[in-house]
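All chains are named by letter (A, B, ...) in the order of the sequence lines, taking the proteins before the strands, and each is independently numbered beginning at 1. Quick caveat: nothing in here was measured; it's all calculated off a predicted structure.
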Protein chains: 2
Amino acid sequence: MSVRIDELDRKILGCLQVDASRSLDEIATEVGSSKTPVWNRIRKMREAGIITSQTVTLDAEALGFDACFYVLIRTSEHEQDWQKRFLEALNARPEVQEAHRLAGDIDYILKVRVPNARAYDAFYQALISEVKIHNVTALLSMEEIKSTTALPL
Amino acid sequence: MSVRIDELDRKILGCLQVDASRSLDEIATEVGSSKTPVWNRIRKMREAGIITSQTVTLDAEALGFDACFYVLIRTSEHEQDWQKRFLEALNARPEVQEAHRLAGDIDYILKVRVPNARAYDAFYQALISEVKIHNVTALLSMEEIKSTTALPL
DNA sequence: CGGTAAATCAGAACAAAGTTCCTTATTCAA
DNA sequence: TTGAATAAGGAACTTTGTTCTGATTTACCG
């Protein structure tokens, strides 16, 4: 069953999305409440799975991940077994940051972050050796214009 | 100037990527160190910009964002002015979670999260009314197979 | 439109974690 | 090998997270 989210919850989530390291007192002041209700609401939203996790975002380039590719994948295989193996392959590879199954012409899109083009090729070769893929198009990112995980609440 | 990252820093970042809400003591134990050095290293990596921010990840569907599109954009305009206005339009729209400038045939890719298809159309109409765009292809996600911001350190 | 029960809130008390300080160990260069 | 600079470990201190209680509000039903 789902938890009803009210205006105060939304404000709290908004705060946390911007900076999850702020203290409860600060958040309470900003949303016009006090410590206890803010804490209780955060706890409930955690338990309800609305707040999935708490992480740090790292500067990919500062850590040597200079290349980012979006990979468009077409496949001729549509059986359960193939899909299962494809999924496992994606989950096993940490360079895959996103994977979506699509509607329409293109079957899957991946976002892949690697140190350089050579590392992408290694990834690509490994992937196609594991599962049969009909057609692949790689889109190379030149510039990350915008990047956020924040939802517009 | 960049900060040298050693094996211990990498372990700490690995911990924080998984769960940034854990206590310093827990992290220190896991990486085989103690509170103080862990705290100092985190502070330094913050100051150096390696750790960009600390946020919560929310369940988009639980919050009513049921639709996700990848949008491939071709433009015939390549002047500074056009690019500036396009960039401003993207930054002004919170439904755009990612935007990359690409090499090759397709000029830009966007990741757009909205409550439903109608909301996407509203976004699309608003965007093309603001800036001239030659060609747009929208890829509709049926299923989010994988989603992480963690880098493989 | 009351009156009661349930839920929520504000503030205080307590526990736990973050932050600082100081001493000891380690590293690196002369 | 010796000295200076740097980092680590542990204890003191401060801030924050967490729990508890009483008061208030909200919601529901007669």
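- Under 3.5 Å, the side chain of A:K35 and the base of C:dG11 form no donor-acceptor pair of N or O atoms.
- Spacing between atom CG of B:D25 and atom C1' of C:dT19 amounts to 12 Å, rounded to whole angstrom units.
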What side-chain donor-acceptor pairs closer than 3.5 Å can you find for residues 125-139 of chain A, not counting sequence neighbours?
{"unit_1": "A:S129", "atom_1": "OG", "unit_2": "A:A126", "atom_2": "O", "d": "2.8"}
{"unit_1": "A:E130", "atom_1": "OE2", "unit_2": "A:R93", "atom_2": "NH2", "d": "2.8"}
{"unit_1": "A:K132", "atom_1": "NZ", "unit_2": "A:E77", "atom_2": "OE2", "d": "3.3"}

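- No option in A:I73, A:T75, A:N91 other than A:I73 meets the side-chain contact (heavy atoms from CB on, under 4.5 Å) test with A:F86.
- Between B:R41 and B:K11 the shortest side-chain heavy-atom distance does not fall below 4.5 Å.
- Between the side chain of B:S53 and the backbone N or O of A:T57 there is no donor-acceptor pair closer than 3.5 Å.
- With a 4.5 Å cut-off on side-chain heavy atoms, B:Y70 and A:E98 count as touching.
- Between A:R41 and the phosphate of C:dC9, there is a side-chain N or O to OP1/OP2 separation shorter than 4.0 Å.
- Here chain A contacts DNA chain D (any atom closer than 4.0 Å to a heavy atom, that is under 4.0 Å), and the contacts span D:dT16 to D:dC20 from 5' to 3'.
- The salt bridge (Lys or Arg N to Asp or Glu O under 4.0 Å) contacts involving residues 49-75 of chain A comprise A:R74-A:D105, where partners must be two or more places apart or lie in separate chains.
- In this structure, CD of A:Q54 is placed 14 Å from C1' of C:dA17, rounded to the nearest angstrom.
- When heavy atoms are screened at a 4.0 angstrom cut-off, B:R43 is found touching no nucleic acid atom at all.
- Following rounding to the nearest Å, B:I27 (CD1) and C:dT19 (P) show an atom-to-atom distance of 12 Å.
- Residue B:S23 is classed as a sugar-phosphate contact, given heavy-atom separations below 4.0 Å to backbone atoms only.
- Counting only heavy atoms from C-beta on, B:W39 has its side chain closest to C:dG18 among C:dC9, C:dT8, C:dG18.
- Taking atom CZ on A:R4 and atom P on C:dA7, their separation rounds to 13 Å, with Å as the unit.
- Looking only at side-chain heavy atoms (C-beta outward), B:E95 and B:R113 stay at 4.5 Å or farther from each other.
- Residues A:E26 and A:N40 both approach DNA chain D. Their nearest nucleotides, taken by heavy-atom distance, put A:E26 toward the 5′ side.
- Between B:R46 atom CZ and C:dG18 atom P the separation is 11 Å, expressed in whole Å.
- Listed nucleotides: C:dG11, C:dG18, C:dC9. Nearest to the side chain of A:T36: C:dG11.
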